[in-house]
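Start at 1 and go down the list; that is how both ligands and their atoms are numbered.
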Amino acid sequence: MSVQSLIFEFEETVCISPSNISSALSRLMPEIERIQDARAHQYTTPYAAINVPFDNHMFAQVQELIKEKEALRPTMLVVIAIGGSHLGTRAIQEAVAGVLYNTRTPSIAVYYAQTIDPDELSDLMDMVKAELQKNHAVIINVISKSGTTLETVINFELFLSILKEYAPQHYRKYVVVTTQEDSPLWQYGKKEHFSCLAIPHQVGGRYSVFTPVGLFPLGLLGIDIHALRAGAQQAVRASSDTHTVDNQAALSAVIIYLSASQKYTIHDMFLFSVDLAAVGQWYRQLMAESLGKKHTVTGALVETGITPTVSIGTVDLHSVAQLYLAGPRDKLTTFVTVQTYNTVLTVPSTLALLREAGVAQKALSQVMHAFCQGVQASYKADNRPFMTYALPEKSAYYVGEFLQLKMIEMMYLGYLFQINPFDQPQVELYKKETRKILRDE
Ligand code: PA5
């Protein structure tokens, strides 16, 4: 039996019978075996993302570059990336280091330039200039698999021009380019003598967080990337287990798939930790881009997909819970909880209101768990289907394990829906239209 560190529960709370689950698992078996087999094929398989956490050469290269850039004593890191090149890094950074990380005045702060909102960018550019005026070092890490994403390339030029202005002789050493070899960005980076890190060709953006895409910025911020990758490795081992009662990725894929066939076509990830909100955003993209596909089944066009939503406990109990508990029965929920929070805080007892509510002197984590259990009990009482994952803590190991497990879950869902979970052909449509508009204007 494999060792599972995330606690996964679903038996009593999903809308599917054990026999349906086990027959869908049998149908999935050839794909589980294919994933197992893909372990031997490094990057020459569409499932290449499962082999990333085992790539020692890549890991060593990243570590070496982290050391080199640490020696510059940077006080700020600007990550310029969007979509799959951005979301995983942010998810891990916020989960492990906290959403308020920058306000704790760490030795190196991190900011993200995703889109091209001029107001947000101008504020961020001012912050970078202020840092450089103090003679502090700022690293910019541009990340784009294709090396052609318009928003990323625009932002890169904007921030690069600031570095050039403040360090005309030395700006090159503050730039790290992460892209696939031979992309236009790679060629530019090499020509300019920037440090370049390669993203393997076969690993798509939303599956790339354990490549240099995530490893370099996270490692530079001091996040334990050894533990991160150990967690991801554990998820690969467990998720390719043909003994399916222990295979959480296969089980959750089957539950999502069978629920969708019963019209539960919305999937809500309900995370009971503010620091995990970006994990929800990462999963939203992973599910939406991987499963939202047009394909043909016996000659007929089928439009497939599950609409992913993200809710945060207890915040969204005060916004969407009414809908979830009374509205259409079209949602399957995955609750994500944290067993041990980083901090122990106790509810004060001065106010009578708190004493009467029975919360005075209780640990805040206990109150949080009570809310989560209360919500789950009301879902259960009204037959609203859900699964739960409990992370023992928000450490790099468990967050790495969870993200890798969800990537493999998505591969299994691709097989069950008979679609390719690795491409995003329709995304190209709007890119083409936008370029046309910009050229014609
Ligand atoms: O998951 C994906 O493939 C996309 O979301 C991409 O990551 C996103 O479009 C950004 O692309 P790139 O990394 O090429 O800049």
Side-chain angles (χ1 to χ4, degrees), residues 43 46-50 52 58 78-93 112-117 121 140-160 175-189 194 196-218 278-293 305-308 310 403-404 406-411 413-414 419-435 438:
Y43 296 135
Y47 307 101
I50 66 163
V52 170
M58 176 195 284
V78 180
V79 178
I80 302 169
I82 198 162
S85 292
H86 159 90
L87 288 159
T89 304
R90 192 176 198 143
I92 295 168
Q93 180 255 308
Y112 298 92
Q114 290 185 77
T115 187
I116 41 171
D117 180 322
L121 273 176
I140 63 172
N141 181 198
V142 57
I143 309 170
S144 171
K145 169 114 196 296
S146 62
T148 58
T149 300
L150 216 48
E151 296 97 315
T152 304
V153 177
I154 292 171
N155 288 341
F156 180 42
E157 273 251 45
L158 284 171
F159 285 94
L160 186 60
V175 180
V176 176
V177 173
T178 309
T179 183
Q180 64 188 356
E181 280 183 82
D182 298 330
S183 77
L185 190 59
W186 179 270
Q187 285 159 8
Y188 178 67
F194 295 144
C196 294
L197 290 168
I199 308 172
H201 279 86
Q202 283 286 3
V203 181
R206 56 191 176 275
Y207 294 90
S208 70
V209 65
F210 299 118
T211 72
V213 166
L215 290 183
F216 175 76
L218 293 166
V279 168
Q281 300 295 334
W282 169 84
Y283 184 70
R284 188 173 73 124
Q285 188 228 4
L286 180 71
M287 179 174 256
E289 271 192 1
S290 301
L291 303 184
K293 299 286 155 71
I306 297 176
T307 303
V310 184
L403 264 58
Q404 183 72 63
K406 289 285 147 190
M407 287 190 253
I408 300 175
E409 171 201 274
M410 216 48 69
M411 296 175 195
L413 278 163
I419 49 97
N420 177 358
F422 303 112
D423 65 359
Q424 56 282 328
Q426 270 68 32
V427 170
E428 297 311 314
L429 295 179
Y430 84 76
K431 285 188 183 169
K432 219 167 106 192
E433 290 300 323
T434 308
R435 283 181 195 268
L438 287 168

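- Looking from atom 13 (O) of ligand 1 to the surrounding protein, the closest heavy atom is Ser85 OG, 2.6 Å.
- Each of the following atoms of ligand 1 lies closer than 4.0 Å to a heavy atom of Ser144: 12 (P), 13 (O), 14 (O), 15 (O).
- Nearest to atom 11 (O) of ligand 1 among the protein's heavy atoms is Thr149 OG1, 3.4 Å.
- Counting only N and O atoms by type, the side chains of Gln202 and Tyr207 include no donor and acceptor under 3.5 Å apart.
- At the top of the distance list for atom 10 (C) of ligand 1, counting protein heavy atoms only, stands Ile82 O, 3.4 Å.
- The closest approach between any non-hydrogen atom of Gln285 and ligand 1 is below 4.0 Å.
- Which of Glu289, His86, Lys431, Gln424 comes nearest to atom 4 (C) of ligand 1 through a heavy atom is settled by distance: it is Glu289.
- The protein atom (non-hydrogen) at minimum distance from atom 1 (O) of ligand 1 is Arg206 N, 3.0 Å.
- Using a distance-only test at 3.5 Å, with no hydrogens or angles considered, no donor-acceptor pair links the side chain of Asn141 to the main chain of Val79.
- For Tyr283, the ring-ring contact (aromatic ring centres under 6.0 Å, His included) partners at least two apart in sequence or on another chain are His267.
- Few gaps surround CD on Gln426; more than 12 heavy atoms of other groups in view lie less than 6.0 Å from it.
- Scanning the protein heavy atoms around atom 14 (O) of ligand 1, the nearest turns out to be Ser146 OG, 2.7 Å.
- Gln424 and Arg206 form a side-chain donor-acceptor contact under 3.5 Å, judged by distance and modelled atom types alone.
- Of the protein's non-hydrogen atoms, Gly84 N, 3.8 Å is the one closest to atom 6 (C) of ligand 1.
- Within ligand 1, the atoms closer than 4.0 Å to a non-hydrogen atom of Gly205 are 1 (O), 2 (C), 3 (O), 7 (O), numbered from 1 in the order shown.
- Here the shortest heavy-atom pairing between Val213 and Gly84 reads CG1-O, 4.4 Å.
- Residues Tyr112 and His86 bring their aromatic ring centres within 6.0 Å.
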